[in-house]
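Step one of this worksheet: look at the structure below.
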There are 4 protein chains.
Amino acid sequence: MTTRPVADRQASTTMSFKARQREARTALILQAAHDELIAKGYRDVAMDEIAAQVGISKGTLYLHFASKEALVVRLLEQEIAQFLGLIDQIMSQEMTVRARLERILLETYRGIRNGQQFLLALRSIGGNKGDIWDRLEKQLPATELTGRFTRLFAEGKQSGELDATIPTAIMVALFFSLMQMYAEQQLTESQPLLPEAFAAVVNRVLFQGLAAPPPSAR
Amino acid sequence: MTTRPVADRQASTTMSFKARQREARTALILQAAHDELIAKGYRDVAMDEIAAQVGISKGTLYLHFASKEALVVRLLEQEIAQFLGLIDQIMSQEMTVRARLERILLETYRGIRNGQQFLLALRSIGGNKGDIWDRLEKQLPATELTGRFTRLFAEGKQSGELDATIPTAIMVALFFSLMQMYAEQQLTESQPLLPEAFAAVVNRVLFQGLAAPPPSAR
Amino acid sequence: MTTRPVADRQASTTMSFKARQREARTALILQAAHDELIAKGYRDVAMDEIAAQVGISKGTLYLHFASKEALVVRLLEQEIAQFLGLIDQIMSQEMTVRARLERILLETYRGIRNGQQFLLALRSIGGNKGDIWDRLEKQLPATELTGRFTRLFAEGKQSGELDATIPTAIMVALFFSLMQMYAEQQLTESQPLLPEAFAAVVNRVLFQGLAAPPPSAR
Amino acid sequence: MTTRPVADRQASTTMSFKARQREARTALILQAAHDELIAKGYRDVAMDEIAAQVGISKGTLYLHFASKEALVVRLLEQEIAQFLGLIDQIMSQEMTVRARLERILLETYRGIRNGQQFLLALRSIGGNKGDIWDRLEKQLPATELTGRFTRLFAEGKQSGELDATIPTAIMVALFFSLMQMYAEQQLTESQPLLPEAFAAVVNRVLFQGLAAPPPSAR
DNA sequence: AATGAATGAGCTTTCATTCAT
DNA sequence: GATGAATGAAAGCTCATTCAT
C-alpha cells in the first residue's frame, strides 16, 4: 500500500478537535476500502475486512457511511474530484494542446502509480451493482470529463496541431484508453515501467504512430 | 442480446437427436451466462438468473456444468479458443505486418460487435475469484497470446515497417489496449460506431499518430 | 464386497423368465444398496450411486422400489428375516442352552463376516430418518427377537445352566451387545480376527467371566 | 433432554459479563447439538434446527462455530476429554484391577445416564463424513484410550487377577462393548435400569460369567 | 461514540423423485 | 420396460445491516 494524502473536505482550522478526528477516521476508512476494492472488487470486499484493516468495529463503519454502496460512491466521488482537479489545472496552462495532453497522460500515470487508480477501480467494482452507477451517473455529467477533453481536442484541431480528419469523439475515447493502459500494466507486469518512461513512449506513438519515420526524416 | 453462433463441439451429424438437443441447451446456457456475466460480473450473477433466462430450473444447470466456476471457465476457454483461431489465421497470411495488425484490429472489433467480448469478459469476472484465474492461467500460457504478438511486432521492426526505437512490450500492451477500446465504446456510447469505421480511424492513428501531417505531406 | 446369496421371494419355478429376471435385478439392487449403506450410512448414499453400481439408470430403481426408504426397509426386512431364520433353526436344536447360545454367537459372527451386518446396518442408517423406524417397528414386534431370547435364557435358568439371580432382561441385552461386538471389530481393527477365534473367547468369557480360575481348578 | 453441567472453559470470575454470556450461549448450542445429534445423527441434523432449539438464528450459530463440522468436533473433543479425565482418575487409584474396572463401568453408566453419551454420539455421527474422523483421529491417538485399557488389563493378568489365557485385545474390545451397552439400553427400553443396578449385574457377569456357580460354591 | 452480537435474505450445491421419450 | 433430463426443496454458509449495551 502506498502512502497518499486524502483531501480534507473542510479546512482543519474550521473544525473542532472531535470533528477533525472524525474526518481523519473517515479518511482511513476510505483508504482501506480503496485498497481492498482495487484488490478484490466490490462484491468480494466485506465490510468486516475494511473495519478490521482500519482497526475499528464493523458497527463503527456505519457511523461514517450509511451503507457499503455509499462508501464506495463517496470513494469514487473523491477520486473523480481529485482527478478533475488535476486535469483542470493542466488544461488551463499556457501550452500547446499537445504539451497539455502529454502532461495529462504523464500525471495520470503518476497518479496510478501512487494508487489513485480510480479509473481502474471503476472496472473492479464489477459489472453493475446497479445503484452505484446510477448514483454516479447523475453526478458525472456535472463533472463533464468527456466535455473537457472534447474541447481540448477541438482546440488542437483548430490550431492545426491535430489531424482534423479524425473525429474528436474517437480521439477522446482513444485518449481514455491510453490513460487506463498504465493501470493494466501495473497489474499485469511483474516489473512495471516507471510512469515517465511509459508516458514518453505512449505520447510518441500517440502523436506520430508506430510507423517507422520515412528515411528523409532521419 | 446479440445473435452469435456458438461453435458446436461435435458435428451435428455424428450425434443422436438427444445429444444434439443437449448440446443446444448447453450452448443456450453458455450464451445466457455470457450475457449476464458481461452485464453484471461474476459475483453478481446468480445461477438462478442464468437458469431463469434459459427457462430451466436451477438444478438443471448442474446437469450441464459441475459448478458456477466450471461454467465460467468453459465460457472463457471457448472464447479464448475462438479468438486465438482468428488471430492465428490472420497472422499466417502473406501480408505486411501492418496489414495483418490492421486486420486483427478490425476482426477483433467485429467479434466484439457480435458479442464475443472475451477480453471484456475477462475484466467482468471481477477482481479475483482466484480459482478461475488459477485454472485459466494453467491453460493460457499454452495459448501464449502475448508471445504471438511479440513475434509479430518484432517482425515488423525487422522489416523496417515499425519504429525499432519503441520497445516491443509497449507496442503489445498498446495494441491490447486498442483492442479493448471498442468493447468499452460499445458499452458506453449510446450510438456506437460500426467496427469498420472505428477500426479505420484507430489504425490510422496507430501508425501515423494524431499529429496533423506536415504541410509538405498535404 | 463379499458374495452372498439373496433369498428369492418366490421359488423360481413358479415364475416366468421375465419375472425371474426382474427378481434377479431386484436382488442386485438390494445387494448394492446394502454395501453402500454399510459403508456410508443412509443419508450419504445417493440413489445415483446405487444405480451406477448395479449398472442401471436411476429411473429404473424406481421401477423396483417406490422410494429410497422403501428400498432400505425391504433390505432390513430381508436381513431380519434371514437372521431370524438362523436363530430359529439353532434354537430348535436338541442341545444345552449354553451350546445353542454359543452356536448363535458363532453363526452371527460368521454372518457379519460375510456381510450380513444387519445389526450394524441398523446403526449406520443414522439416528432416525423417522419413517424407516416407524415402519420397521410395526413389523419387528411380530418378529419378536427379544422374546425368543428371553425364552431361551429362561429355559437355561430353569435347567440350572444359567445363574438364576441375573435378570433375564439383562442377559438378553448383554447377549445382543456381544453379537454386535464383532461387527465393530471388523470395522475398527486393521487385522480382524476370524469368527471362530473370536467366538471361542467371547463364549468363554460369557459363561465363566474374566476372572482367573481358582488354583484348585488348574 | 437431561440436565447436565457443561464444563466452563474459563473460570467465570475471570470473564466479563459479555464473555460469560457468550460462553453460556456456546454451551447452549453444544447442548442442543448434542441432543439433536444423538437423536438423528450428523446428516439429519440441520443447522436451522439447532438454532431453532437454542432460540437463535442460523447466522448466529456461525458466530460460535465456523462450520457444522467444527461444532461437532468440538462436541466430541469435549466429551472425550471429560471421559478421559474420569478414566484417568479411576485408573490411578490404589485398588485391585478388578475394582478399578468395576468402578469405570459404573461411572461410565452414570455418565451415560447424565447425557454424556459420547460413545453413542460417536456412532450416531453416521458412516463417514470423513473429515470429522480425520480430525479426531489426529487427536485420539494422543488420548490413547485403547492404550490405557490395554495396560490396565495387562496389569490384571500379571497380578493373577485376570485370566492370562484370554488375549488382552479381546478383553479391551469386550469391555468397550459393555460400556456402550448401557447407552443402548437407555435408548431402547421404556423403563431403563439405574446405572448402579445395571453395573452390578454386568460386573458380576464380566468376572464370573453367566454360568450358574458349581454346587460346591453354594 | 463505539461495539460486536444478532439477524435474515441470498447464494451455491445436492439429490430424491417424476415423467416424456 | 428403461432411460436420464428436469425439477425443486432443502442444506450449509456468508455478509450487509441493525441495535442493545
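Naming: A, B, ... by sequence-line order, numbering from 1 per chain.
In this entry E/dT12 has F/dA11 as its Watson-Crick or G-U wobble partner, both defining distances falling under 3.5 Å. The pairing partner recorded for E/dA1 is none, the criterion being a Watson-Crick or G-U wobble arrangement whose two distances lie under 3.5 angstrom. E/dT21 and F/dA2 make up a base pair, with Watson-Crick or G-U wobble contacts both under 3.5 Å.
Here E/dT13 presents its P atom at 8 Å from NZ of B/K68, a figure rounded to the nearest Å. Going from atom CE of A/M47 over to atom P of E/dT3 covers 14 Å, rounded to whole Å. In this structure, B/L61 places its CG atom 14 Å from P of F/dA5, rounding to the nearest Å. The interatomic distance linking C/R43 (CZ) with E/dC15 (P) rounds to 9 Å, in whole Å. Atom P of nucleotide E/dG10 and atom CG of D/D48 are separated by 16 Å, given to the nearest angstrom. Atom CZ in A/F65 sits roughly 13 Å away from atom P in F/dT17 (whole-Å rounding). The separation between D/L71 atom CG and F/dG12 atom P is 11 Å, rounded to whole Å. Here F/dA16 presents its P atom at 14 Å from CD1 of A/I29, a figure rounded to the nearest Å.
For the pair A/R25 and E/dA2, the criterion of a side-chain N or O lying under 4.0 Å from OP1 or OP2 is met. Considering only side-chain N and O atoms, C/R22 lies under 4.0 angstrom from the phosphate OP1 or OP2 of F/dG1.
When heavy atoms are screened at a 4.0 angstrom cut-off, D/H64 is found touching the sugar-phosphate backbone but no base atom.
Between D/I56 and A/I56, the residue anchored nearer the 5' end of DNA chain E, judged by the nucleotide with its closest heavy atom, is A/I56. Take the nearest nucleotide of DNA chain F for B/T60 and for A/V45: the residue whose nucleotide is more 5' is B/T60.
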Can you check nucleotides 18-21 of chain E for protein contacts, nitrogen or oxygen pairs under 3.5 Å, and list what you find?
none

Under the criterion side-chain contact (heavy atoms from CB on, under 4.5 Å), I'd like the reasoning laid out for C/F65 against C/V72: C-alpha separation, chi angles, the key distance, then a yes or no.
CA-CA 9 Å; C/F65 298 97; C/V72 173; over 6 Å; no
Check against side-chain contact (heavy atoms from CB on, under 4.5 Å), D/Q53 and D/D35
CA-CA 10 Å; D/Q53 188 155 324; D/D35 296 339; 4.3 Å; yes
Verdict with supporting geometry, B/I56 and B/I29, side-chain contact (heavy atoms from CB on, under 4.5 Å)
CA-CA 9 Å; B/I56 60 180; B/I29 293 171; 4.0 Å; yes
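A donor-acceptor contact closer than 3.5 angstrom is absent between the side chains of C/Q78 and C/H34.
Within the 4.5 Å cutoff, the side chain of B/K58 has no heavy atoms near those of the B/I50 side chain.
Going from atom NE2 of B/H64 over to atom CD of B/E23 covers 9.0 Å, rounded to the nearest 0.5 Å.
By the 6.0 Å and 45° rule, D/K68 does not stack over the aromatic ring of D/Y62.
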